Asker: 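Structure incoming, see below.
All of these numbers come straight from a predicted model, not from anything done at the bench.
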2 protein chains.
Amino acid sequence: MDSLLSNIKINIPPGIYLKDPETSELGKKIIEHSIILIQDIGFEDFNFKKLGGVIGSNESSIYRYFESKHKLLIYLTSWYWSWIEYQLVLEIFSITNAEEKLKKAIEIVTRTTKQDSKYSHINEVLLNKIVIYENSKSYLTKSVDTENKEGFFMSYKRVVYRISEIISQCNSTYQYSLSLASSIVDGALHQHFIKSHFKTITNCNTKNTPTHFFTNLVLNTIKIHG
Amino acid sequence: MDSLLSNIKINIPPGIYLKDPETSELGKKIIEHSIILIQDIGFEDFNFKKLGGVIGSNESSIYRYFESKHKLLIYLTSWYWSWIEYQLVLEIFSITNAEEKLKKAIEIVTRTTKQDSKYSHINEVLLNKIVIYENSKSYLTKSVDTENKEGFFMSYKRVVYRISEIISQCNSTYQYSLSLASSIVDGALHQHFIKSHFKTITNCNTKNTPTHFFTNLVLNTIKIHG
DNA sequence: CAAAATTGATAGTATTACTATTAACTTTGT
DNA sequence: ACAAAGTTAATAGTAATACTATCAATTTTG
């Protein structure tokens with residue numbers, strides 16, 4: 001199992017960064033504190049000068065790791081989706097029943113994140129909050145097609161693929177497994193956002209979670225029970 | 001019918017603008033050409049100086065209508081959702097069967113927009129494209145709670161309410177009508193985006209439209225047929 | 001036709017999102 | 001142990017952004 005897992009370690013497409021932040025202390029500090037700072041003040045108000053102030057480093061040093069804050073955002077969301085993919089593989093690995101696999105997969109992408117102690121410099125709870133608020137801003141840009149060609153959104157898309165495959169295993173005649181999978185992934189972020197800010201347009205709360213809503217939705221849509 | 005419809009004319013909460021753009025020629029030109037320009041260069045690269053150049057007007061004059069480009073974006077998305085709400089009321093008005101109502105409602109919020117000749121200075125086809133790319137940026141900000149309290153997102157939320165009510169009319173025992181409605185509205189924009197840019201994570205295309213996908217999803221989810 | 005409102009022109013500011021250069025410091029190979 | 005290579009810090013600078021302020025010219029309105 002160790003060899004299987006090592007193949008799907010958190011993997012970020014090079015080209016997103018100028019210098020891999022995992023290879024130095026400063027790099028790790030950039031990642032650690034960018035998560036804290038973006039979560040605190042929001043992506044629009046975040047910049048490398050402020051981040052430099054927080055980590056006691058110069059703005060220009062951060063620019064040697066990332067050519068822009070946009071690229072840093074893509075790095076963070078890629079890390080997050082790669083980490084989610086890792087959980088999908090790890091937690092579904094031992095499940096044989098297709099429906100149980102699907103339920104677990106839905107749980108993984110819709111649940112509220114809990115801290116993972118494996119990656120000491122990354123606070124996954126805060127990163128999840130960043131993804132809820134900022135994920136769509138990473139691709140809703142004029143440069144999306146170029147960046148997509150360079151593979152910058154592969155982590156995100158692989159999570160969708162994996163879920164669509166599990167859906168197909170449950171119901172091979174269902175025609176919209178990709179659209180359903182992408183709707184779960186994007187929709188979960190949206191439900192988490194509106195349950196905090198637009199409470200009147202969701203039934204989700206601490207009791208009725210997005211996981212309940214999407215599990216019911218998916219199982220009915222692909223007619224596993226009825 | 002005329003008196004009914006006049007109550008739900010396009011209605012924008014004041015406070016979004018400093019001066020109502022509908023009350024002057026310059027105001028209408030600002031709206032008309034901001035739609036064209038934002039669609040062309042994207043919201044990030046759009047600014048009032050460039051807009052002024054296009055309409056032959058001074059930057060400072062535009063600032064008398066909107067205090068920021070962010071407020072202008074909220075104006076445009078509010079206009080769009082108010083226009084969608086108008087269509088929901090108008091096109092569903094004469095339908096008596098609850099399931100047919102729901103199908104029509106899903107069609108209205110998921111279809112590709114066609115030009116409406118009623119509003120001469122607004123190109124609804126371009127505005128729909130802006131909404132696909134930029135809608136979420138209007139509320140994914142640190143100021144969302146303040147602006148929500150001021151009613152800036154009412155048009156969007158009213159569209160979700162109306163759809164959730166139609167869902168409840170079809171199945172009064174279904175527990176997630178609001179979450180389902182908000183997932184359709186947000187999910188439709190997402191499917192339209194990814195069918196243009198991330199084709200590998202959707203089954204939607206010109207033949208299998210988002211309308212087909214969501215109609216099937218909703219009817220199965222609330223178990224209208226089985 | 002005078003008062004009020006609107007628009008245009010110009011100027012100015014603080015901040016952003018970088019780039020460039022050079023010097024100081026740290027790591028690495030032999 | 002030490003020179004070479006690589007990394008980081010400090011400083012300076014730039015073009016653009018997102019505004020605000022002022023005042024004159026023009027248009028609208030009562």
Side-chain angles (χ1 to χ4, degrees), chain A residues 14-34 37-38 40-76 121 134 137-138 140-143 146-147, chain B residues 14-34 37-38 40-76 121 134 137-138 140-143 146-147:
Chain A
I16 289 181
Y17 47 73
L18 296 169
K19 177 176 155 65
D20 186 350
E22 285 297 317
T23 62
S24 77
E25 279 312 304
L26 177 59
K28 285 178 199 160
K29 264 171 119 182
I30 289 170
I31 300 306
E32 177 178 5
H33 290 278
S34 67
L37 190 54
I38 292 173
D40 186 25
I41 65 177
F43 186 66
E44 276 69 35
D45 288 347
F46 168 87
N47 63 44
F48 285 177
K49 192 166 194 176
K50 288 177 186 170
L51 178 60
V54 168
I55 64 178
S57 236
N58 200 274
E59 190 188 0
S60 58
S61 305
I62 302 167
Y63 275 107
R64 288 210 193 76
Y65 287 82
F66 295 99
E67 72 184 50
S68 63
K69 68 173 187 171
H70 174 242
K71 287 277 177 77
L72 172 58
L73 177 62
I74 295 178
Y75 181 92
L76 294 177
H121 62 296
E134 323 290 0
K137 295 175 193 167
S138 72
L140 292 175
T141 66
K142 281 282 160 183
S143 55
T146 321
E147 291 175 351
Chain B
I16 290 181
Y17 47 74
L18 296 169
K19 178 175 154 63
D20 186 349
E22 286 297 318
T23 62
S24 76
E25 279 312 304
L26 177 60
K28 285 178 199 161
K29 264 170 117 181
I30 289 170
I31 300 306
E32 177 178 5
H33 290 278
S34 67
L37 190 56
I38 292 173
D40 186 25
I41 65 177
F43 186 66
E44 276 69 36
D45 288 348
F46 168 87
N47 64 43
F48 286 176
K49 192 165 195 176
K50 288 177 185 169
L51 179 59
V54 169
I55 63 177
S57 234
N58 199 275
E59 192 188 0
S60 59
S61 305
I62 302 168
Y63 275 105
R64 290 209 190 80
Y65 286 83
F66 295 99
E67 72 183 51
S68 64
K69 69 174 187 170
H70 174 242
K71 287 278 177 78
L72 172 59
L73 177 62
I74 295 178
Y75 181 93
L76 294 177
H121 63 296
E134 323 290 0
K137 295 174 193 166
S138 71
L140 293 174
T141 66
K142 281 281 160 183
S143 55
T146 321
E147 290 174 352

Asker: Please report the shortest heavy-atom distance between A:Ser143 and A:His70, naming the atom on each side.
Answerer: OG-CE1, 4.1 Å
Asker: So, A:Lys137 side chain and B:Leu140 main chain: donor-acceptor pair closer than 3.5 Å or not?
Answerer: yes
Asker: Does B:Lys19 reach a base, just sugar-phosphate, or nothing at all? Heavy atoms under 4.0 Å.
Answerer: sugar-phosphate
Asker: A:Tyr65 has a side chain; which of C:dT16, D:dT7, D:dC23 sits nearest to it?
Answerer: D:dT7
Asker: Does B:Glu67 reach a base, just sugar-phosphate, or nothing at all? Heavy atoms under 4.0 Å.
Answerer: sugar-phosphate
Asker: Apply ring pair (Phe, Tyr, Trp, His ring centres under 6.0 Å) to A:Phe66 and list each qualifying residue two or more places apart in sequence or on a separate chain.
Answerer: A:Tyr75
Asker: Out of C:dA17, C:dT10, D:dA9, which nucleotide sits closest to the side chain of A:Asn47?
Answerer: C:dA17
Asker: C:dG8 base to B:Arg64 side chain: any donor-acceptor pair below 3.5 Å?
Answerer: yes
Asker: Does OP1 or OP2 of C:dA17 have a side-chain N or O of A:Lys69 closer than 4.0 Å?
Answerer: yes
Asker: Quick one: is D:dT8 close enough that its OP1 or OP2 comes under 4.0 Å of any side-chain N or O from A:Ser24?
Answerer: yes
Asker: Categorize A:Ser68 for me: base, sugar-phosphate, or nothing, with a 4.0 angstrom heavy-atom threshold over every strand shown.
Answerer: sugar-phosphate
Asker: B:Tyr63 near the nucleic acid: base, sugar-phosphate alone, or nothing, with a heavy-atom cut-off under 4.0 Å?
Answerer: base
Asker: Does the side chain of B:Ser60 get closer than 4.0 angstrom to OP1 or OP2 of C:dA9 through an N or O atom?
Answerer: no
Asker: Side chain of B:Ser61, heavy atoms from C-beta onward: which of C:dT10, C:dT7, D:dT11 has the nearest atom to it?
Answerer: C:dT7
Asker: Just by modelled atom types, is the B:Ser24 backbone N or O under 3.5 Å from a matching donor or acceptor in the B:Lys29 side chain?
Answerer: no
